[in-house]
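Working notes, structure below.
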Amino acid sequence: MENKMTTLNEVRVRIAPSPSGNLHIGTARTALFNYLFAKKNNGKYVLRIEDTDLERSSQAYIDNIYDSLKALGLNWDEGPDVGGPYGPYQQSERFDIYPKYAQKLIDAGYAYECFCTQEELDAEKEESIKNKRPHKYSGKCRHLTEEEKEKLRAEGRKPSIRFHVPEGETSYDDMVKGHLHFDNALIGDFVIMKSNGTPTYNFAVVIDDMEMKISHIIRGEDHISNTAKQIMIYNALGAEVPKFGHLGMILAPDRSKLSKRHGATAVSEFVEKGYLTEALVNFVALLGWSPSDGHEIKTLDEIAADFRINEVSSSNSIFEYDKLNWMNGQYIKKMDLAKLTQLVKPYLSCYDLSEYTEKQLERIVEVTREPITILSELTNDTKYFFGKDVEIEPDVQEKILNGEVAKKVLPYVIENELDKWDFEDEEKLHEQLADLRTYFKEQHGIKPKETMWAIRAAVTGRTHGADMVATLVLLGKDRVVYRIKKAV
Ligand code: GLU
């Protein structure tokens, strides 16, 4: 089995999520870097669903993985749903493939049946702990004779299959981490097939990567310790070892593992909160990679053109939620208005959107998007556009509407202005309001901005918000008249 085939001349990478949860933002980063590497090298990007742990896997999580990757624009060339030349691409449909490779390893002396019970294994472990030795399996089933095995089988024991770790060391050049080597003496013979006939992760992943002709494996550095075992299996099978690249971990701002207590962690959670997928992709690209021109806001295509795996940082990256918010805000500001309006609608579902035409809704989004960082902020920021009545903030009532300026400005507006104001034409209304400000400044010494505060307070119940002229035109005459009269 020493003859190494050189079959990996085409760049083929994969993302291999386990569907035991919604797609994690860290897995999205791994998917992205694989996607970028494939694009950069005219390669193929494969999706494989690793659902050998049937109890923890679910179709809902598989669907979430599909939806999240698609939403991010990380569409795969081969996968369970689109097929491809090396399928099936879902491990639970490949269960009949693994035993024959395990048998091949047994026949060639690289693996053996292990009949140890869990109790026996636990006892071995306790013994190591007692003697303060690092624990590894003793290898006691390595030398069982056929007769001994038959006897154990007759007792009803079902064997697992263990890989016989050779002496020496295992080393390789990691595309990100550089040269790495492992002392095989520290690695115990590990299980490749469980006694229930299902493969372990380390075995299934090698068989699948080999059969799917994966040339480069880019994944999180939490898998480095598995890599030595995987290389041993490739070598035992006489298969070409793919190139590995291990990305630093993504840590929370407090440098602990990113988890729910820090905020959203699943891509779908970020999307629900109102992050744009374009911003998310851009942001996760910067977790370990930096653009050559220093400009951080980049489309997926621009990132792909600039991406080099050997320039990816080997250290951990910090997931700065503040930076993501800033970046999302940048995307919200420049996004196509019609598209943004569609994305915003779910956040306005508590309002009666039929009060406005599509064009007017776009205008509402246009005049409120400037300060926001996530779309969900628009639920509150657009509130005063809906309904006849408006909620007046207590502070606004006290400081503005009960004040002297409002008492002069608002009755005057009702008496002399509202009938003249042009609610059809923003430009005209703009001029009319300018005249009103001048009048109060000249006649009553009221600062122009105070005049506007009084009107804004009456109409929106707030001190800040969208452009006043646009707000008045959108609300329309009836509603403005009603609100100002009510305020007085
Ligand atoms: N299913 C593994 C995971 O989700 C894949 C690891 C690998 O890329 O080899 O961590």
Side-chain angles (χ1 to χ4, degrees), residues 8 11-38 43-58 61-66 68-69 74 76 78-80 86 88-95 97-98 163 170 172 174-177 180 182 190 192 194 198-234 237 239 241-250 257-259 265-267 284 288 309 312:
L8 306 178
V11 168
R12 291 177 56 80
V13 295
R14 72 351 182 236
I15 177 72
S18 303
S20 54
N22 290 334
L23 188 82
H24 192 273
I25 193 79
T27 313
R29 197 257 317 237
T30 306
L32 172 63
F33 282 26
N34 276 286
Y35 173 92
L36 295 171
F37 187 78
K44 289 276 189 297
Y45 160 70
V46 176
L47 170 65
R48 183 172 69 232
I49 297 291
E50 301 211 323
D51 60 344
T52 45
D53 186 345
L54 292 173
E55 260 160 47
R56 293 180 63 213
S57 303
S58 82
Y61 291 141
I62 295 177
D63 291 341
N64 181 276
I65 290 168
Y66 289 162
S68 302
L69 289 173
L74 305 176
W76 43 99
E78 297 166 28
Y86 304 109
Y89 292 89
Q90 191 161 333
Q91 280 184 334
S92 58
E93 290 173 23
R94 301 174 61 81
F95 278 136
I97 295 174
Y98 310 109
F163 187 81
T170 302
Y172 77 98
D174 193 281
M175 291 185 286
V176 178
K177 301 273 177 189
L180 297 178
F182 305 85
F190 55 92
I192 54 173
K194 295 181 210 164
T198 61
T200 58
Y201 155 71
N202 273 315
F203 191 52
V205 84
V206 169
I207 302 306
D208 291 348
D209 285 336
M210 184 182 76
E211 286 215 330
M212 294 176 187
K213 299 205 184 335
I214 299 302
S215 62
H216 296 76
I217 294 176
I218 301 166
R219 60 187 174 190
E221 70 176 33
D222 47 333
H223 285 291
I224 284 189
S225 61
N226 291 321
T227 306
K229 293 177 183 170
Q230 294 172 13
I231 290 175
M232 290 176 203
I233 301 175
Y234 280 105
L237 290 169
V241 181
K243 293 201 167 48
F244 291 92
H246 287 92
L247 310 170
M249 301 308 286
I250 301 174
K257 190 168 176 258
L258 190 67
S259 74
T265 52
V267 169
V284 295
I309 188 76
V312 165

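All ligand and atom numbering here is 1-based and tracks the order in the structure.
In this view, Asn22 and Asn64 satisfy the side-chain hydrogen bond (donor to acceptor under 3.5 Å, both in side chains) rule, not counting sequence neighbours. Partners of His216 under the side-chain hydrogen bond (donor to acceptor under 3.5 Å, both in side chains) rule, at least two apart in sequence or in another chain, do not exist in this structure. Under the rule for a side-chain hydrogen bond (donor to acceptor under 3.5 Å, both in side chains), the partners of Glu221 that lie at least two apart in sequence or sit in another chain are Lys177.
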(Q) Run Tyr201 and Glu50 through side chain to side chain donor-acceptor pair (under 3.5 Å) and show every step you take. (A) CA-CA 8 Å; Tyr201 155 71; Glu50 301 211 323; 5.5 Å; no
Q: Decide side chain to side chain contact (heavy atoms under 4.5 Å, CB included) for Gln91 and Ile207; before the verdict, give the C-alpha distance in whole Å, the side-chain angles of both, and the deciding distance to 0.1 Å.
A: CA-CA 10 Å; Gln91 280 184 334; Ile207 302 306; over 6 Å; no
For ligand 1, output the ligand-protein N/O contacts shorter than 3.5 angstrom; if there are none, return none.
residue	atom	partner	partner atom	Å
ligand 1	1 (N)	Ala16	O	2.8
ligand 1	1 (N)	Ser18	OG	2.8
ligand 1	1 (N)	Glu50	OE1	2.6
ligand 1	4 (O)	Ser18	OG	3.4
ligand 1	8 (O)	Arg14	NH1	2.6
ligand 1	8 (O)	Arg14	NH2	3.4
ligand 1	9 (O)	Arg14	NH2	2.9
ligand 1	9 (O)	Tyr201	OH	2.6
ligand 1	9 (O)	Arg219	NH1	2.8
ligand 1	10 (O)	His223	NE2	2.9

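A 4.5 Å side-chain heavy-atom check between Tyr45 and Ile15 finds at least one atom pair inside the cut-off.
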